[in-house]
Protein chains: 2
Amino acid sequence: MITYKEAEIRSEVIKAMAHPVRLMVIEVLKDGNKSFSELMEYFDVDKSTLSKHISVLKVAGIVSSHKDGLESIFGVQVPCVTEFFSCVTAVIKDKIKQQQCCIRPAE
Amino acid sequence: MITYKEAEIRSEVIKAMAHPVRLMVIEVLKDGNKSFSELMEYFDVDKSTLSKHISVLKVAGIVSSHKDGLESIFGVQVPCVTEFFSCVTAVIKDKIKQQQCCIRPAE
DNA sequence: TTACTTATTGGCAAATTAGCCAACAAAGAA
DNA sequence: TTCTTTGTTGGCTAATTTGCCAATAAGTAA
């Protein structure tokens, strides 16, 4: 079994992914590094909001960044997050399946 | 790319895992179904607190349950959550590695 | 029925997270 | 230097999450 302390550390990483904007940032970065302004195009949020979301991902160790002149370039730090979501998808698919068996057919 | 709506759905599942108690519940249930009182032994929280955490996992579709007499029995609904954490572990290991390169050796 | 055991739900206060605007910092251009 | 562009940080409110206690089911036993 894992200790509570270990669970806390893991949950910090998972918590960092537990937001739609941050999930999409990871999805976008999977296909290659992007600048901040490129990432901005995907979202309808204030730049400060996106910047803080990216910061959360950086602190968690999921995303890395470097400066290139005026621009900030971001990338996925740990490649396996790419595969991370297959299980999430499986959970969602299963949930839909479970729900279907309970949907009452139209009379 | 995934849509924002899709990201919201995924983040609901991930959010359900983003708590140390809920992570440990999943870890414990990986090794087989457990009753509520068996799960209680692992945590120093009120029974209402644990019950609500389990409820979050059920709503997310990660955990299933059934009644057996007076007892509630819980199990992992989607087996792949077992493998789910290998990437989280990778992120943590990488983060530790990154930090080590920055630790100043004792003088 | 009454009593007991097991778990869930309601309600509330404390803690955390999210998102906006404004101010600031850093780097290049004029 | 001053202006501009790019992104981060501070500060604040709103929304969400957490966890406790108390009250309530839902079974079982006497």
Side-chain angles (χ1 to χ4, degrees), chain A residues 4-5 7-29 33-77, chain B residues 4-5 7-29 33-77:
Chain A
Y4 193 80
K5 187 67 195 169
E8 282 182 316
I9 295 168
R10 289 192 192 183
S11 74
E12 284 305 308
V13 176
I14 296 175
K15 217 182 296 181
M17 293 192 267
H19 188 285
V21 167
R22 298 199 291 265
L23 277 185
M24 282 186 75
V25 167
I26 294 171
E27 281 286 336
V28 172
L29 294 182
N33 294 359
K34 295 276 183 298
S35 70
F36 183 84
S37 52
E38 284 175 314
L39 286 173
M40 271 301 288
E41 292 170 18
Y42 291 89
F43 306 100
D44 186 28
V45 296
D46 193 84
K47 60 184 176 175
S48 69
T49 300
L50 179 57
S51 180
K52 283 176 183 177
H53 279 307
I54 294 172
S55 172
V56 170
L57 291 170
K58 284 170 63 180
V59 170
I62 298 167
V63 158
S64 63
S65 72
H66 67 272
K67 274 273 186 181
D68 179 15
L70 258 184
E71 291 190 320
S72 290
I73 308 295
F74 301 97
V76 174
Q77 170 85 4
Chain B
Y4 192 81
K5 188 67 194 168
E8 282 183 318
I9 295 168
R10 289 192 193 184
S11 74
E12 285 305 310
V13 176
I14 296 175
K15 216 182 298 180
M17 292 191 266
H19 188 285
V21 167
R22 298 198 292 264
L23 277 185
M24 282 186 74
V25 167
I26 295 171
E27 283 285 336
V28 172
L29 295 181
N33 293 359
K34 295 275 183 299
S35 70
F36 183 82
S37 52
E38 284 175 316
L39 286 174
M40 270 303 286
E41 292 170 18
Y42 291 91
F43 306 101
D44 184 29
V45 297
D46 193 86
K47 60 186 174 172
S48 69
T49 300
L50 179 57
S51 180
K52 282 177 184 175
H53 279 306
I54 294 172
S55 171
V56 170
L57 290 170
K58 284 170 63 181
V59 170
I62 297 168
V63 159
S64 64
S65 72
H66 67 271
K67 274 273 187 183
D68 179 15
L70 259 184
E71 292 190 320
S72 289
I73 308 293
F74 301 98
V76 174
Q77 170 85 2

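Only a predicted model underlies this, so the values are computations on that prediction, with no experimental measurement involved. Keep in mind that the numbers below use all heavy atoms, side chains included, and drop hydrogens, waters and symmetry copies. We name chains A, B, ... by the order of the sequence lines, and we start the count at 1 in each one.
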For L70(B), side chain to side chain contact (heavy atoms under 4.5 Å, CB included) partners two or more places apart: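 None.
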
Residues forming a side chain to side chain contact (heavy atoms under 4.5 Å, CB included) with S64(A), sequence neighbours excluded: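 Scan of S64(A) (side chain to side chain contact (heavy atoms under 4.5 Å, CB included), adjacent residues dropped) gives Q77(A).
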
Interface limits on DNA chain D, where chain A has a heavy atom under 4.0 Å of a nucleotide atom: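 It runs dT5(D) to dG11(D).
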
Ionic contact status for R10(B) with E27(A), cut-off 4.0 Å: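 Salt bridge present between E27(A) and R10(B).
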
Segment of DNA chain C, first to last nucleotide, that comes within the 4.0 Å heavy-atom reach of chain A: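 Going 5' to 3' along DNA chain C, contacts run dT17(C) to dG28(C).
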
Sequence-distant partners of E71(A), side-chain hydrogen bond (donor to acceptor under 3.5 Å, both in side chains), two or more places apart: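 side-chain hydrogen bond (donor to acceptor under 3.5 Å, both in side chains) check on E71(A) returns nothing, list empty.
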
Those residues of residues 65-75 of chain B lying under 4.0 Å from DNA chain D by at least one heavy atom: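 Contacting residues: G69(B), L70(B).
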
DNA chain D contacts among residues 44-52 of chain B, heavy-atom distance under 4.0 Å: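 Residues of residues 44-52 of chain B that come under 4.0 Å of DNA chain D are, in numerical order, V45(B), D46(B), S48(B), T49(B), K52(B).
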
Touch class at under 4.0 angstrom, heavy-atom based, for K15(B) against every strand present: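 Counting heavy atoms under 4.0 Å across all strands, the contact made by K15(B) is with sugar-phosphate only.
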
End-to-end axis angle, where each axis spans five pairs of the helix from dT1(C)-dA30(D) to dA30(C)-dT1(D), to 10°: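 About 10°, once rounded to a multiple of 10°.
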
Anything under 3.5 Å between a donor and an acceptor, one on a side chain of residues 48-58 of chain B, the other on a protein residue two or more places apart or in another chain? List them.
residue, atom, partner, partner atom, Å
S48(B), OG, D46(B), OD2, 2.7
H53(B), ND1, R22(B), NH1, 3.1
K58(B), NZ, S65(B), OG, 3.0

Which residues share a salt bridge (charged side-chain N to carboxylate O under 4.0 Å, His left out) with E8(A), sequence neighbours left out: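 Salt bridge (charged side-chain N to carboxylate O under 4.0 Å, His left out) list for E8(A), sorted by chain: K5(A).
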
Residues which pass salt bridge (charged side-chain N to carboxylate O under 4.0 Å, His left out) with K15(A), listed by chain and number, not counting sequence neighbours: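 For K15(A), the residues satisfying salt bridge (charged side-chain N to carboxylate O under 4.0 Å, His left out) (neighbours in sequence not counted) are E12(A).
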
Atom pair CZ (F43(A)) and OH (Y4(B)), whose distance is rounded to the nearest 0.5 Å: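 The OH atom of Y4(B) is 8.0 Å from CZ of F43(A), to the nearest 0.5 Å.
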
